[in-house]
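As the structure is a prediction and not an experimental result, all values here were calculated from the model. We count ligands from 1, going down the list as the structure has it; atoms in each ligand are counted the same way.
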Amino acid sequence: MSEPEPWFTLGWSDAGVELLDQRLLPDREEVLVCRSVEEVACAIEDLVVRGAPAIGCTAALGMALAARQAIGLDAAAFGAALDAAHARLAATRPTAINLFWALDRMARTRAALQSEGHDVAATAEALREEALVIVVEDGEICRQLGRAGVELVPDGSRILTHCNAGALATSAYGTALGVVRAAVDAGRRVSVLADETRPFLQGARLTAWEMQRDGIPVSVITDNMAAHLMQQGEVDLIVVGADRVAANGDVANKIGTYGLAVLAHAHDIPFYVAAPISTIDPATATGAEIPIEERGREEVANFGNRPIVPDNVPVRHPAFDVTPARYVTALVTERGVLRDPDGAGIARLLRDTRS
Ligand code: MRU
């Protein structure tokens, strides 16, 4: 088993919600302490913390923080404060379903505690415990998911990945990079090609940093090199994470993922999506209904601190795209590998998970 990551991604302390500030990597490792729900929400919006499961964990901790800060209030005011915190956190990033999944879980916990007649202080403490359970479970689920994916990774695989679906995007271990880590743990010799992932450079800055830390061979490529390397036979498989999987198996993930999936199809390269069950959204019928976050100008119009687009020239910045299910060779979850995911397979997976 690989050791827990030698760094801290997110957590709780007496001071508040603590987040490794991913904007500063790989230059500096600094922990940002969020002391209010507004600070937690801004940290999610500003990509201090990012990646669907990590966003969900952070939102759960944000709700725990809101509850702790509302302990002096009467029951009605406490409920109103938590409703406001829920609404603020839900408004941060629209695509990652784990955000809403975690907020709903915290809301259900709160409703159950209230119906059992717990007072405000006991409810706040129970919400803190629930948030910590979500954080711990997330890491365990990633390890299960990773182990399930090992069968897809032959010895010697050259693995292309996009964005960062690693320990920095979850509470620990990662989804796509969890599969890579588990393959290494199982003795497979692998190497990783990390797409740089314009504009926020999650691949160049974060995936490369994580892989280097683990001693897993990694090379960074710019996004426009992927097609060439596939054509040259230098990619054996692709594994990416997901922000939301629709009921029919369509997958929303970081912008650029769809292009990779089409290229993989053209070159007969397996295209795998690794995501926990909590990333599947049965309420969203198809990818066409997944809300795609549009981010602001700054990340596209600048490279580092340097402007690269003339003033007054508009930019576009959809942060995610949707890969149709037909391009997904298999979906890897903590429940195993679902090949050729489609509506029936996803429904079966969710049914089996509930039973
Ligand atoms: O904008 P980001 O960095 O939050 O986008 C992250 C991704 O697209 C990840 O691939 C996805 O959330 C899965 S993380 C395990």
Identity and separation of the nearest protein heavy atom to [atom]:
atom: atom 14 (S) of ligand 1; value: Ala169 CB, 3.5 Å
atom: atom 4 (O) of ligand 1; value: Arg93 NH1, 2.7 Å
atom: atom 8 (O) of ligand 1; value: Asp243 OD1, 2.9 Å
atom: atom 5 (O) of ligand 1; value: Lys254 CE, 3.3 Å

Note to self: Nearest non-hydrogen contact with atom 13 (C) of ligand 1 belongs to which option: Ala242, Gly56, Ala252?
What the structure shows: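 Result: the heavy atom closest to atom 13 (C) of ligand 1 is in Ala242.
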Notebook entry, point to check: Who's closest to atom 15 (C) of ligand 1 heavy-atom-wise, of Asn253, Thr175, Leu201?
Noted result: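 Nearest heavy atom to atom 15 (C) of ligand 1 lies in Thr175.
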Would you call [X]-[Y] a salt bridge at under 4.0 Å N-O?
X: Arg181; Y: Asp214; answer: yes
X: Glu18; Y: Arg35; answer: no
X: Arg205; Y: Glu210; answer: no
X: Glu125; Y: Arg128; answer: yes
X: Arg306; Y: Glu298; answer: no

Can you sort out which atoms of ligand 1 are near [X], meaning under 4.0 Å from one of its heavy atoms?
X: Ala52; answer: 12 (O), 14 (S)
X: Gln202; answer: 1 (O), 2 (P), 3 (O)
X: Phe320; answer: 1 (O), 5 (O), 8 (O)

Please state whether [X] comes within less than 4.0 angstrom of ligand 1, counting heavy atoms only.
X: Phe200; value: no
X: Val240; value: no
X: Pro53; value: yes
X: Ala319; value: no

Notebook entry, point to check: Looking at side-chain heavy atoms only, is the closest gap between Val251 and Val322 below 4.5 Å?
Noted result: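 Not touching, per the 4.5 Å side-chain cut-off.
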Notebook entry, point to check: Between Ala60 and Ala102, what is the shortest heavy-atom contact and its length?
Noted result: CB-CB, 4.4 Å
Next item on the list: Could you pull out the closest heavy-atom pair between Arg68 and Ala124, with the gap in Å?
Entry: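 In this case the closest contact between Arg68 and Ala124 is N-CB, 4.2 Å.
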Notebook entry, point to check: CG/Asp342 to CG/Leu331 distance, rounded to the nearest 0.5 angstrom?
Noted result: 11.0 Å
Check: Does any N or O in the side chain of Arg143 come within less than 3.5 Å of the main-chain N or O of Gly174, such that one atom is a donor and the other an acceptor?
Finding: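 Side chain of Arg143 to backbone of Gly174: no pair is present.
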Next item on the list: Evaluate the side chain to side chain contact (heavy atoms under 4.5 Å, CB included) criterion for residues Val273 and Asn253: first the C-alpha distance (whole Å), next the side-chain angles of each, then the deciding distance (0.1 Å), finally the verdict.
Entry: CA-CA 9 Å; Val273 174; Asn253 192 50; over 6 Å; no
What I want to know is whether [X] and ligand 1 share at least one N or O pair that is separated by under 3.5 angstrom.
X: His162; result: no
X: Ile55; result: no
X: Asn164; result: no

Notebook entry, point to check: Side chain, backbone, both or neither: which part of Cys163 comes within less than 4.0 Å of ligand 1 when only heavy atoms are counted?
Noted result: side chain
